[in-house]
Colleague: 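Provided herewith is a single structure, encoded as structure tokens, for subsequent inquiry.
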Amino acid sequence: MATNTSRSRWRDTLPSPLPSRTFTKLTNRDKSAHYEMAAFENEWPPPAPKSETSVQRAMRLEEEDLARKKSEQIDACIEEHRVERERRRAQRKVILLGQSHSGKSTLLKSFQLQYAPQAFRAEAEAWRAVIYLNLVHSVNVLLEIVEASSIRTSKAIRHLQISLSPLRQVLTTLSETLALETSRGRRSGDHLDVEVWRARRASGISIHSSAWRSLAKVSDPGSATQDEVENARNIIVACRSDIAALWFNEDVRKCLKDQNVVLDSQAVYFLSQAERISSPEYLPLDDDILRARLETVGIEEHSVVFETVDRGQEWIWYDIEGSKSFRAAWIPYFDDVHDVLFVCSLANFDEPQGDFEMNKFDECLRLWRIICENKLLIDTFLFLFLNKSDLLEEKLRSGTFFGEYVEEYGHRPNDVETVSQYYKDKYVAIHRDFSPRPRLLQVHVICAIDVFVMAEVFEQARQAIHTAHMDSGGGAYGIKANDTEFRKKWDKDEYAEKAKQKDVEERERMQENEERLKQGKKPRKGRREDLPKPTELMKRREGSLELEKNLGKTMVVQNTSGRGPGVPGFFCEACNRTYKDSTGYLDHINGRAHLRALGQTTRIARSTVEQVRARIALLREKTKEASQAKTFDFEQRLAEVRDKEAAIRTERKAQKKAIKEQSRVELVKDVTMQDDDGMSAMMGFSGFGTSKK
């Protein structure tokens, strides 16, 4: 009874259904009145049912309160997503591309300093630990070079080595604290090969994007990270005078010159500013932060909100690792990006690129061509920054000839202006020849750490972006509010025809399965593929499968969809399927489904009598040739072996006879000398003099 009563009460709360059309026909006015009554009955909160007890009322109010809170959370979440969509629609996305060590991160820091100086300087305290790490790393590199040289016996140098030995532990502590790792470097305790330092400069410092986010926590007082950084700072302050003495020591400078070791500009800067950086009252300067090296590992996303001009405008920067093994991860970021900033180093033309017979100049040109011809970037603006012009000038002044590494350069003047113009001409020509259509391109020769030059360059780029957008008739970001041409167009008639065809196939499959069930057979699962009927017997494969052609090679995955050609593995063009290993691929190409796709059956052609006779004749001919190649005269072979053994015995006897004769001659000589000495002693003189007086 209780159950029936509750059901009847629940039924009373529901809106009454529409009257059946078999009894009466409702007018539009009746329908509107009915739905108004239903809406009134479904209002929130619903009216209290009749004969409700106090317990039921309390439970109903509690449920209504929970439902209201849940509804408010859903509304807040929807509003948050709406605001986020509006915010992202107003963002401008910029992607930084280029080789490793080209200066991409430095370019981003320079942009932040120009347009968001307050946010840039707010992170100065977090950069303190990174600057300390750069300084300590440079000092340890210098110590290792000195230890590998002949001046380690100097008393002053030994004193500096002992006093600066705690910096080795500081390097390890800061690296572990900031979750860093030295790129292409070594632990400070490893053996140093001076020949390696002749070929390359001091290594930089790399950091994962997640580790950079943790740097902001360094300044939290009382944290373990803060204590470790404070201890490291105290040690660096204590070694302040010794660091400066090591860098300005004449023996150390002579050692670097004799060993032909060239420290990079970052290490030279921090060593020359060591006395200021290691002072107790040190505060990071803008120049210190710009020169602090953090090699990007992975992908970093930075949000820059303008503070000086266009206040509130937000640019999202994607700083992507430039190593060759990571370039396949660039493609997903090409989808909705507005601007591409490609950074090229002017000073790495004499550095080889991996195991290939090319230098980094040729590799950078190849990379620029890939970016220019990429159709995903057809609507983006390209900005080419030829960075490190100061290092190029320094390298050319030292006697390095650019034409020695780039043969096409010829015998042109070996100065910065001519070389920079050659870079510009090469990159502009590639952009002109391989771009799908004309678009904005700006080329700038820069030095990313020169604040004044970068301010002018960035302003030119920003003005060019606004001008190009306005000329295209778009809004602030080049897209009209009602412009939906970028969306994919769908042919409704085509897909309606496909739907009809699918319904027909499904109906035919169901009818076929009914017939199969009546015959006692199993029904087919899914639709049957429209493969051609086999018209020929199984044939022998003509060419090789080349299963080992890519063994031990590194390949760039072009297809990121997971299906079709270009995916890692073995792809079958006839069946449009990819297999991850060679075993599965072999099973497939030898299977019934693959042969059916080729129009072949699993039966082998029956050989005729003429074919068998021809095969036997061919085998006899091969056997005859092989037997003739192996036929030889046993007696002749035996005589040859005997003659060879006799020659070996004769040679051995001659060697033994020669050794005996040599021993006999030496023995006779010794006996003769002993007899002469004895006779001279008996006669009272030790020897005969010469006739010369």
Side-chain angles (χ1 to χ4, degrees), residues 91-124 126-127 130-131 134 180 183 204-216 265-266 284-310 313-323 326 329-330 333-334 337-345 371 380-389 442 444-462 465:
Q91 291 175 346
R92 184 165 194 85
K93 297 182 179 180
V94 182
I95 186 171
L96 269 173
L97 300 178
Q99 292 177 311
S100 299
H101 300 89
S102 60
K104 300 186 295 296
S105 300
T106 307
L107 185 73
L108 174 58
K109 289 187 287 185
S110 182
F111 184 88
Q112 291 174 327
L113 178 61
Q114 174 66 20
Y115 293 106
Q118 295 181 5
F120 179 82
R121 296 187 176 97
E123 298 176 346
W127 279 99
V130 182
I131 295 172
N134 278 262
L180 302 178
S183 67
I205 301 172
S206 61
I207 178 173
H208 292 274
S209 58
S210 58
W212 161 242
R213 296 291 183 259
S214 65
L215 291 180
S265 58
Q266 171 255 356
L285 302 178
D286 295 343
D287 204 18
D288 299 341
I289 299 176
L290 287 176
R291 293 177 180 268
R293 174 170 296 176
L294 288 178
E295 182 182 357
T296 304
V297 177
I299 300 173
E300 296 183 14
E301 179 178 341
H302 299 268
S303 174
V304 180
V305 181
F306 281 46
E307 300 172 358
T308 55
V309 295
D310 295 338
Q313 185 179 353
E314 184 179 11
W315 284 24
I316 303 298
W317 290 67
Y318 296 102
D319 189 4
I320 303 180
E321 179 182 351
S323 61
F326 199 78
W330 292 6
Y333 291 84
F334 291 173
V337 70
H338 298 96
D339 305 308
V340 175
L341 274 63
F342 187 85
V343 185
C344 168
S345 175
I371 293 173
T380 60
F381 297 155
L382 298 182
F383 296 88
L384 175 63
F385 293 96
L386 304 177
N387 191 23
K388 300 187 178 181
S389 59
Q442 276 196 357
H444 299 279
V445 179
I446 64 169
C447 175
I449 58 177
D450 192 339
V451 180
F452 300 102
V453 174
M454 294 307 300
E456 183 179 355
V457 169
F458 284 137
E459 191 59 21
Q460 292 179 8
R462 193 180 65 86
I465 291 174

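Along the sequence shown, the residues carry numbers beginning at 1. The figures that follow rest on heavy atoms only: side chains count, while hydrogens, waters and symmetry mates do not.
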Colleague: Evaluate the side-chain proximity of Val309 to Arg462: yes if any heavy-atom separation is below 4.5 Å, no if none is.
Modeller: yes
Colleague: Identify, with sequence neighbours excluded, every residue that meets side chain to side chain contact (heavy atoms under 4.5 Å, CB included) alongside Ala122.
Modeller: none
Colleague: Could you name each residue pair satisfying salt bridge (Lys or Arg N to Asp or Glu O under 4.0 Å) that touches residues 106-118, not counting sequence neighbours?
Modeller: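 Every candidate salt bridge (Lys or Arg N to Asp or Glu O under 4.0 Å) pair involving residues 106-118 fails, so no pair, neighbours aside, qualifies.
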Colleague: Quick one: side chain to side chain contact (heavy atoms under 4.5 Å, CB included) partners of Ala448, sequence neighbours excluded?
Modeller: Thr106, Asn387
Colleague: Going by the rule side-chain hydrogen bond (donor to acceptor under 3.5 Å, both in side chains), which residues pair with Gln442 if we only count those two or more places apart in sequence or in a different chain?
Modeller: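 Result, side-chain hydrogen bond (donor to acceptor under 3.5 Å, both in side chains) vs Gln442: His444.
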Colleague: Does the side chain of Ser303 pick up a donor-acceptor pair with the side chain of Glu314 at under 3.5 Å?
Modeller: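 Indeed, the side chains of Ser303 and Glu314 share at least one donor-acceptor pair under 3.5 Å.
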Colleague: Just to verify, what does Asp450 make a side-chain hydrogen bond (donor to acceptor under 3.5 Å, both in side chains) with, not counting sequence neighbours?
Modeller: none
Colleague: Tell me, please, which residues at least two apart from Thr380 pass side chain to side chain contact (heavy atoms under 4.5 Å, CB included).
Modeller: Val337, Val340, Leu377, Leu382, Arg439
Colleague: Please assess Trp127 against Asp288 for the test side chain to side chain contact (heavy atoms under 4.5 Å, CB included), listing each intermediate value before the final yes or no.
Modeller: CA-CA 9 Å; Trp127 279 99; Asp288 299 341; over 6 Å; no
Colleague: Tell me, please, which residues at least two apart from Phe120 pass ring pair (Phe, Tyr, Trp, His ring centres under 6.0 Å).
Modeller: none
Colleague: Quick one: side-chain hydrogen bond (donor to acceptor under 3.5 Å, both in side chains) pairs with a partner in residues 110-121, sequence neighbours left out?
Modeller: Tyr115-Glu459, Arg121-Asp286
Colleague: Pick one: which of Ile95, Asp339, Leu341 meets side chain to side chain contact (heavy atoms under 4.5 Å, CB included) with Trp317?
Modeller: Leu341
